[in-house]
Amino acid sequence: MILIAEPVHFGDVHIQVNSAFIAMFRQIYSKDEMEVLAEKNHIVALKSNVESHFDNIKFKAFRKYSNSRFFYWPQKIIGEWYQIFKVLAIARKKKPELLVWLCLFPTGQLLLQFLSTFLFRRQQQIIVLHGEMEYLATCDKKLVDRALGGILRKALNASPRHVRFIVLGDSIKKKVDQLGLKCADRIWAIQHPYIYNQQVKRYIQRKTTLRICTFGVLKKTKNAHLFFQLAERFQTEIEAGKISFHTVGKIYPDMEAYLNKFVECYKPDQFLPQQEYEQVIAQNSISIFCYDENMYQMSASGTLHESLRLGLLVYSLNNDYYKSFIDKHKVGKVFMSLDEMYLELSQMLKHEQEICERDYINNLAMFFEKNSVLLQSEILRNLLRLPLL
């Protein structure tokens with residue numbers, strides 16, 4: 001029996017990566033009983049996303065536990081702890097061959113490692129590490145971030161040998177190895193899993209406006225304001241209908257001073273349902289991300305993989321995760337400055353060249369082929385065969 005738990009995220013959040021992980025484990029353990037515990041609306045989203053991959057999986061739902069903004073932190077910590085206890089109670093009763101945690105907050109990590117050391121010494125576990133690893137990054141942090149980083153480091157160092165971890169990229173693994181964690185030999189790196197569409201856009205007609213977009217968490221602290229500054233430089237071309245700039249989804253208040261008439265913002269005051277979110281993004285030709293070197297040091301970017309799945313060319317400012325990925329798979333371009341990106345787009349408009357050139361189309365098709373659920377599962381299967389030392 002395989003037990004998979006997602007005690008942290010609700011609704012559509014992390015829906016793509018969680019869908020892919022569950023599909024991969026279903027592929028690997030196709031003959032085993034499998035049970036997934038997650039928030040009620042998250043389960044609905046999982047089933048609607050890739051139900052064909054979820055044959056013979058039992059889902060066990062819990063209700064969303066953090067609603068109040070005033071009591072957010074106590075609800076988040078205590079609610080996750082409660083779900084961890086529920087999962088471990090199931091594990092004690094059913095004794096699964098493998099217990100997989102799709103995500104844990106640092107305080108949840110600390111609780112789990114304590115319980116794993118003293119009460120669950122023989123239970124084989126895998127924990128997927130996501131954005132919480134950024135608390136360990138060396139750049140300046142707020143006091144609460146430093147505190148959470150200290151908790152996470154303590155939890156990882158206290159983890160027993162029957163608990164293993166997954167990070168979502170080789171560049172992340174290299175940085176994690178530099179932290180001197182005691183569990184470094186039990187941290188595996190795999191490509192950020194995704195269930196990609198196998199059909200690649202063969203070309204994009206240039207008879208219409210060149211549509212550029214950005215999406216994800218749109219806030220100044222993630223350099224989203226640079227997208228608006230880039231758009232402003234194309235005022236003449238925008239007015240002539242040659243190019244248009246779009247954001248999709250929630251824009252945070254720290255962006256208010258940077259909003260301008262050159263960017264069309266789709267529902268900036270709300271988080272969009274996944275299906276609507278994808279439909280709007282797919283109308284564009286290029287996605288642009290302006291993260292700097294201090295961002296995505298220890299975690300992967302889901303927006304990059306969402307762009308590829310929807311057939312968009314990816315443009316990014318220099319960032320370790322994006323540069324490592326794009327250099328390896330040749331599915332976009334990395335620029336050292338906003339000026340370089342501006343010049344590239346200007347040349348593209350001037351020469352009226354096709355956005356999705358043949359090389360890009362072929363590279364994207366090859367990437368999809370090499371990262372099918374089946375092949376991603378084989379990579380994970382081989383890691384699972386590694387003996388515990």
Side-chain angles (χ1 to χ4, degrees), residues 3-23 25 34-51 53-54 57-90 99-112 126-135 144 148 152 166 168 192-195 215-219 222 248-252 267-278 281 299-303 305-306:
L3 180 59
I4 301 177
E6 168 53 281
V8 177
H9 294 110
F10 314 135
D12 289 340
V13 180
H14 270 213
I15 191 64
Q16 298 292 358
V17 66
N18 285 351
S19 297
F21 265 115
I22 295 172
F25 281 108
M34 183 171 290
E35 185 169 321
V36 175
L37 184 139
E39 185 261 342
K40 180 180 178 181
N41 289 328
H42 194 72
I43 290 174
V44 172
L46 284 170
K47 290 182 176 180
S48 64
N49 192 41
V50 282
E51 189 169 9
H53 288 282
F54 296 163
I57 297 178
K58 180 180 178 181
F59 288 90
K60 187 176 182 64
F62 64 83
R63 288 167 50 179
K64 183 177 179 180
Y65 53 73
S66 59
N67 296 294
S68 170
R69 297 181 65 181
F70 184 76
F71 295 107
Y72 175 77
W73 283 106
Q75 286 183 335
K76 181 175 180 62
I77 293 170
I78 296 172
E80 183 190 17
W81 282 357
Y82 179 64
Q83 298 308 323
I84 289 172
F85 278 118
K86 282 176 60 177
V87 172
L88 292 177
I90 296 172
L99 171 54
V100 180
W101 302 89
L102 295 177
C103 189
L104 286 170
F105 195 63
T107 48
Q109 282 267 14
L110 189 61
L111 173 66
L112 178 64
I126 290 179
I127 302 171
V128 183
L129 301 173
H130 293 281
E132 69 278 359
M133 291 295 286
E134 293 295 338
Y135 292 125
V144 64
L148 290 169
L152 181 56
I166 291 175
L168 307 182
H192 185 302
Y194 229 86
I195 300 174
F215 57 95
V217 179
L218 301 179
K219 54 174 68 174
K222 289 206 170 187
V248 185
K250 179 74 172 179
I251 298 179
Y252 280 71
K267 297 187 178 180
D269 57 344
Q270 59 185 279
F271 293 101
L272 300 177
Q274 185 68 25
Q275 186 175 5
E276 180 181 2
Y277 184 66
E278 293 175 5
I281 294 169
S299 61
S301 169
T303 52
H305 299 272
E306 188 76 83

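We're numbering straight along the sequence, starting at 1.
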Gap separating the NE2 atom of H42 from the OG atom of S19, nearest 0.5 angstrom: 7.0 Å
For the residue pair P193 and L168, what are the closest heavy atoms and their distance? CD-CD2, 3.9 Å
Give me the ring orientation class for F215 and Y277: parallel if the planes are under 30° apart, tilted from 30 to 60°, perpendicular past 60°. perpendicular
Flag side-chain contact, heavy atom, 4.5 Å: F21 against I4: no
Is it the case that the side chain of H192 and the backbone of V17 share a donor-acceptor pair, with hydrogens and angles ignored and the cut-off at 3.5 Å? no
Are N18 and V13 side-chain neighbours, meaning at least one heavy-atom pair lies under 4.5 Å? no
Between S66 and E80, is the side chain to side chain contact (heavy atoms under 4.5 Å, CB included) condition met? List the steps. CA-CA 9 Å; S66 59; E80 183 190 17; over 6 Å; no
If we only count heavy atoms from C-beta on, is the P7 to L104 side-chain gap below 4.5 Å? yes
Residues H130 and E132: closest non-hydrogen pair is N-OE2, 2.8 Å
Check whether any side-chain heavy atom of L272 lies under 4.5 Å from a side-chain heavy atom of V248, and answer yes or no. yes
Could you tell me the separation between the CZ atom of F59 and the NZ atom of K47, rounded to the nearest 0.5 Å? 5.5 Å
Out of curiosity, Q109 CD to L129 CG, how far, rounded to the nearest 0.5 Å? 6.0 Å
Considering all heavy atoms of both residues, which atom of I195 and which atom of A23 are nearest to each other, and what is their separation? CD1-CB, 4.1 Å
Could you give me the CA-CA distance, side-chain angles and deciding distance for F105 and L148, then say whether side chain to side chain contact (heavy atoms under 4.5 Å, CB included) is met? CA-CA 9 Å; F105 195 63; L148 290 169; 3.8 Å; yes
Minimum side-chain heavy-atom gap F85-L111 below 4.5 Å: yes
Test item: W81 side-chain N/O and T107 main-chain N/O as donor-acceptor pair under 3.5 Å: yes
With rounding to the nearest 0.5 Å, note down the distance linking CG in L112 to CG in L99. 7.5 Å
Under 6.0 Å between the ring centres of Y65 and F10? yes
Do K86 and F62 form a cation-pi contact, if we require the NZ or CZ to be under 6.0 Å from the six-membered ring centre and within 45 degrees of the ring's axis? no
d(Q275 CD, S48 OG) to nearest 0.5 Å is 7.5 Å
Taking every non-hydrogen atom, the tightest pair across A45 and D12: CB-OD1, 3.3 Å
Any side-chain heavy-atom pair of K250 and K219 under 4.5 Å: no
Please lay out, stage by stage, how K60 and I90 fare under the test side chain to side chain contact (heavy atoms under 4.5 Å, CB included). CA-CA 11 Å; K60 187 176 182 64; I90 296 172; 3.7 Å; yes
Between E306 and Q16, does a side chain to side chain contact (heavy atoms under 4.5 Å, CB included) hold up when you go through it step by step? CA-CA 8 Å; E306 188 76 83; Q16 298 292 358; 3.9 Å; yes
Using 0.5 Å steps for rounding, measure from the CH2 atom of W73 to the NZ atom of K76. 6.5 Å
Hey, are the side chains of V8 and L102 touching, using non-hydrogen atoms and a 4.5 Å cut-off? no
Using modelled atom types only, decide if a donor and an acceptor are shared between the side chain of E134 and the backbone of S299 within a distance under 3.5 Å. yes
Where V87 and A5 come nearest, the two heavy atoms and their spacing: CG2-CB, 3.7 Å
Exceeds 12 heavy-atom contacts within 6.0 angstrom, atom CD of E276: yes
Are any of the side-chain heavy atoms of K64 and N41 separated by less than 4.5 Å? no
Keeping the roles fixed (side chain from E6, backbone from E39), state whether a donor-acceptor pair exists under 3.5 Å. no
